[in-house]
Amino acid sequence: MNSAKDTVEKLYKGNGKLYLACLLVGVITGVIVSCYRWALEEIGIFRNKYFSDISLDNPISLLKMWLIFIAAGLIVNYLFKKFPKTSGSGIPQVKGLILGRINYNNWFFELLAKFFAGILGIGAGLSLGREGPSVQLGSYVAYGTSKLLKKDIVERNYLLTSGSSAGLAGAFGAPLAGVMFSIEEIHKYLSGKLLICAFVASIGADFVGRRFFGVQTSFNIAIKYPLDINPYFQFFLYVVFGIIIAFFGKLFTVTLVKCQDIFTGVKLPREIKVSFIMTLSFILCFVLPEVTGGGHNLVESLIHGKTIIYTLIIIFVIKLLFTAISYSTGFAGGIFLPMLVLGAIIGKVFGETIDIFAQTGSDFTVHCIVLGMAAYFVAVVRAPITGVILILEMTGSFHLLLALTTVAVVSFYVTELLGQQPVYEILYDRMKKDDNVVDEENQGKITIELAVMAESLLDGKTISEIIWPDEVLIIAIIRNGVEKIPKGRTVMMAGDILVLLLPEKIVPEVKEKLMKHTSVE
């Protein structure tokens with residue numbers, strides 16, 4: 001059994017071995033994710049070249065490629081059925097692992113399945129991104145490392161958070177965003193030790209990624225600040241744009257969930273449904289390749305080209321629907337990159353429309369494309385800090401910080417008014433959890449730590465005011481690094497770390513319940 005003192009030491013004392021383990025996780029994750037990213041880029045280039053060189057005059061070649069698409073879908077479907085925890089983006093699974101609701105019983109084979117299923121599915125044109133799988137690949141590396149190094153639950157969770165950070169850092173070349181995403185979206189609280197662990201892993205992964213892809217930013221975007229536009233008018237446009245994009249963010253989440261329900265509700269064998277969707281992907285690769293794959297090239301084409309507004313609207317609708325349909329299969333692939341693409345399209349439409357009436361120019365339109373990516377991400381994921389930092393790192397447009405922050409805050413607030421839950425919370429709630437997950441190496445009673453978030457149900461309340469789950473004992477409150485013995489009248493404050501003692505068999509349900517209570521409702 002871990003004592004409160006042991007837990008305090010684990011939280012606040014440096015641990016060189018743990019940091020080295022995080023660095024090891026980061027480097028290994030960087031290698032795997034870089035190989036994953038390289039393979040997706042190469043297969044995407046091959047796919048685009050093949051379909052650009054082929055025509056309806058060569059039906060045999062089209063038939064062969066169609067059969068290859070079907071075969072790829074059936075292979076990925078087999079991997080999905082054999083390793084169900086590799087489904088989707090993988091981010092909900094990482095959250096479930098940290099909360100103790102699932103376990104990686106076959107982590108090495110699941111890692112291989114996630115890697116190859118993503119290459120086949122996204123390579124075959126499905127509108128899915130590489131970032132979610134990269135996050136889960138990092139979690140597999142971290143989980144395997146924790147097992148090999150025989151780490152306890154507390155240090156295992158540090159490694160899992162670090163691996164997730166490294167995965168996102170390697171996928172986009174964005175180490176700061178990787179750190180913030182794992183803390184803001186996955187782990188849900190911040191401590192100095194956790195921050196160091198995440199940074200060490202992200203830096204390791206980014207260093208490896210730069211050896212593969214160079215030091216340039218993920219998006220090749222040259223942005224000139226539109227100085228000739230009245231700054232007050234610009235600020236007004238940012239607010240309007242943030243409001244508009246919040247509604248489109250809600251549309252994305254609703255569409256995603258609805259397509260999942262429809263796919264599940266259709267009473268046909270999965271193989272037939274998968275074959276239909278792979279056929280749809282094959283057709284789109286032939287007639288509208290812009291909406292297939294993650295969409296990285298589409299964003300850059302929006303920046304460097306002029307497109308008619310109604311064409312952009314058609315591309316947006318098809319990309320939105322195809323992304324939701326692709327994700328409904330449960331195939332390994334994320335929604336991160338497609339979200340950014342959709343936001344960029346909305347930004348392009350908004351910028352072009354404003355230009356018609358106010359002659360704002362092409363520089364402002366490019367400006368809106370970048371703002372659209374950040375705002376759409378924030379509207380869907382509800383992680384504003386990550387959204388701003390991610391786009392800053394992916395574009396190198398640090399002079400847009402004020403504008404990015406403005407649209408991010410507005411879209412976040414409006415989405416909150418619309419009552420829309422963060423998409424990964426919805427996907428986590430809909431995900432199948434393991435029954436009675438207990439770590440075989442740590443039976444009996446254990447201590448866990450949870451953070452009190454600002455404006456949460458616990459913030460400002462006394463311990464006696466909260467109805468705690470049965471068999472849960474609050475043995476310490478850590479405030480500013482100092483352990484306090486709690487009493488019934490002790491007031492909990494934002495930033496406090498609660499140290500709880502409870503039977504390990506009920507850790508998953510209690511931790512999940514209290515994590516919701518320690519988040520803003």
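Bear in mind that the values here come from a model prediction, so they are computed numbers and not experimental data. Worth knowing before you read on, the calculation uses all heavy atoms, side chains too, and leaves out hydrogens, waters and symmetry mates.
- Within the 4.5 Å cutoff, no side-chain heavy atoms of Thr406 are placed close to those of Leu371.
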Worked verdict on Phe219 versus Phe172 for side-chain contact (heavy atoms from CB on, under 4.5 Å): CA-CA 9 Å; Phe219 287 120; Phe172 285 144; over 6 Å; no

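- For the pair Thr217 and Glu393, the minimum side-chain heavy-atom distance is 4.5 Å or more.
- Contact detail for Phe233 and Thr360: the closest heavy-atom pair is CE2-CG2, 4.4 Å.
- The shortest side-chain heavy-atom distance between Val274 and Phe331 falls under the 4.5 Å cut-off.
- In terms of modelled atom types and a separation under 3.5 Å, the side chain of Lys250 and the main chain of Ala379 share no donor-acceptor contact.
- Salt bridge absent: Glu41 and Arg130 never bring a charged side-chain N and a carboxylate O closer than 4.0 Å.
- Using the six-membered ring where Trp is involved, Tyr238 and Phe235 have ring planes that are perpendicular, over 60° apart on the 30 and 60° scheme.
- Of all heavy-atom pairs between Thr323 and Phe252, the closest is CG2-CE1, 4.2 Å.
- In the model, Ser164 has no side-chain atom that pairs as donor or acceptor with a side-chain atom of Ser182 under 3.5 Å.
- With contacts defined as side-chain heavy-atom distances shorter than 4.5 Å, the pair Tyr376/Ser411 does not qualify.
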Steps toward side-chain contact (heavy atoms from CB on, under 4.5 Å) verdict (Val291, Leu321): CA-CA 10 Å; Val291 302; Leu321 291 174; over 6 Å; no

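- Using modelled atom types, no side-chain atom of Arg382 and backbone atom of Gln421 make a donor-acceptor pair closer than 3.5 Å.
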Trace of the side-chain contact (heavy atoms from CB on, under 4.5 Å) decision for Leu298 with Ile345: CA-CA 9 Å; Leu298 176 56; Ile345 296 173; 4.1 Å; yes

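- A pairwise comparison of heavy atoms in Ile385 and Glu184 identifies N-OE2, 3.3 Å as the closest pair.
- The cationic group of Arg211 lies under 6.0 Å from the six-membered ring centre of Phe207 and within 45° of the ring axis, placing it in a cation-pi geometry.
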Ring pair (Phe, Tyr, Trp, His ring centres under 6.0 Å) between Tyr104 and Phe83, worked out: CA-CA 10 Å; Tyr104 289 161; Phe83 303 104; over 10 Å; no

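- For Gln93 (side chain) and Lys85 (main-chain N/O), a donor-acceptor pair under 3.5 Å exists by modelled atom type.
- Partner of Phe350 under the ring-ring contact (aromatic ring centres under 6.0 Å, His included) criterion, chosen from Phe364, Phe241, Phe316: Phe241.
- Using the six-membered ring where Trp is involved, Phe336 and Phe181 have ring planes that are perpendicular, over 60° apart on the 30 and 60° scheme.
- Crowding of Phe398 atom CZ: a count of heavy atoms from other residues, nucleotides or ligands under 6.0 Å exceeding 12.
- Within the 3.5 Å criterion, the main-chain N or O of Tyr327 finds no donor-acceptor partner in the side chain of Gln260.
- No more than 12 heavy-atom neighbours from other residues, nucleotides or ligands sit within 6.0 angstrom of CZ on Phe276.
- Between Val349 and Leu312, the shortest heavy-atom distance links the atoms CG2-CB, 3.7 Å.
- Expressed to the nearest 0.5 Å, how far NE2 of His399 lies from CG of Leu404 amounts to 9.5 Å.
- Although no hydrogens or angles enter the test, the distance criterion places no donor-acceptor pair under 3.5 Å between the side chain of Ser281 and the main chain of Met278.
- The side-chain heavy atoms of Ile98 and Ile186, taken from C-beta on, include a pair separated by under 4.5 Å.
- No donor-acceptor pair closer than 3.5 Å links the side chain of Ser202 to the backbone N or O of Phe199.
- Within the 4.5 Å cutoff, the side chain of Met394 has no heavy atoms near those of the Val370 side chain.
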Candidate pair Phe263 and Arg270, rule side-chain contact (heavy atoms from CB on, under 4.5 Å), full reasoning: CA-CA 9 Å; Phe263 185 88; Arg270 267 191 63 90; 3.3 Å; yes

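- Here the side chain of Ser162 pairs a donor or acceptor atom with the backbone of Cys197 at under 3.5 angstrom.
- Between Lys319 and Glu290 there is no salt bridge, since no side-chain nitrogen of the basic residue lies less than 4.0 Å from a carboxylate oxygen of the acidic one.
- Between Glu185 and Lys95 the shortest side-chain heavy-atom distance falls below 4.5 Å.
- Nearest heavy-atom pair, Val299 versus Ala344, reported as atom, atom and distance to 0.1 Å: CG2-CB, 4.2 Å.
- Using a 4.5 Å cut-off on side-chain heavy atoms (C-beta onward), Phe80 and Thr329 make no contact.
- Ile318 pairs in a side chain to side chain contact (heavy atoms under 4.5 Å, CB included) with only one of the listed residues (Thr292, Leu288, Ile313), which is Leu288.
- A donor-acceptor pair under 3.5 Å is absent between the side-chain atoms of Thr264 and the main chain of Asp261, judged by distance alone.
- Rounding to the nearest 0.5 Å gives a distance of 10.5 Å between CG of Leu67 and OG of Ser275.
- Smallest separation of non-hydrogen atoms from Leu337 and Gly295: CD2-N, 4.4 Å.
- A cation-pi arrangement, defined by a distance under 6.0 Å to the six-membered ring centre and an angle within 45 degrees of its axis, is present between Arg37 and Phe213.
- A donor-acceptor pair under 3.5 Å is absent between the side-chain atoms of Ser139 and the main chain of Leu160, judged by distance alone.
- Atom CG of Leu120 sits about 11.5 Å away from atom CD1 of Ile68, to the nearest 0.5 Å.
- For Glu110 and Lys114, the salt-bridge test fails: no basic side-chain N is under 4.0 Å from an acidic carboxylate O.
- A distance of 7.5 Å separates SG in Cys368 from CG in Leu237, rounded to the nearest 0.5 Å.
- With rounding to the nearest 0.5 angstrom, the OG atom of Ser89 is 9.5 Å from the CG atom of Leu128.
- Formation of a donor-acceptor pair under 3.5 Å by the Asp355 side chain with backbone atoms of Gly351 is not found in this model.
- Rounding to the nearest 0.5 Å gives a distance of 9.5 Å between CZ of Phe377 and CD1 of Ile335.
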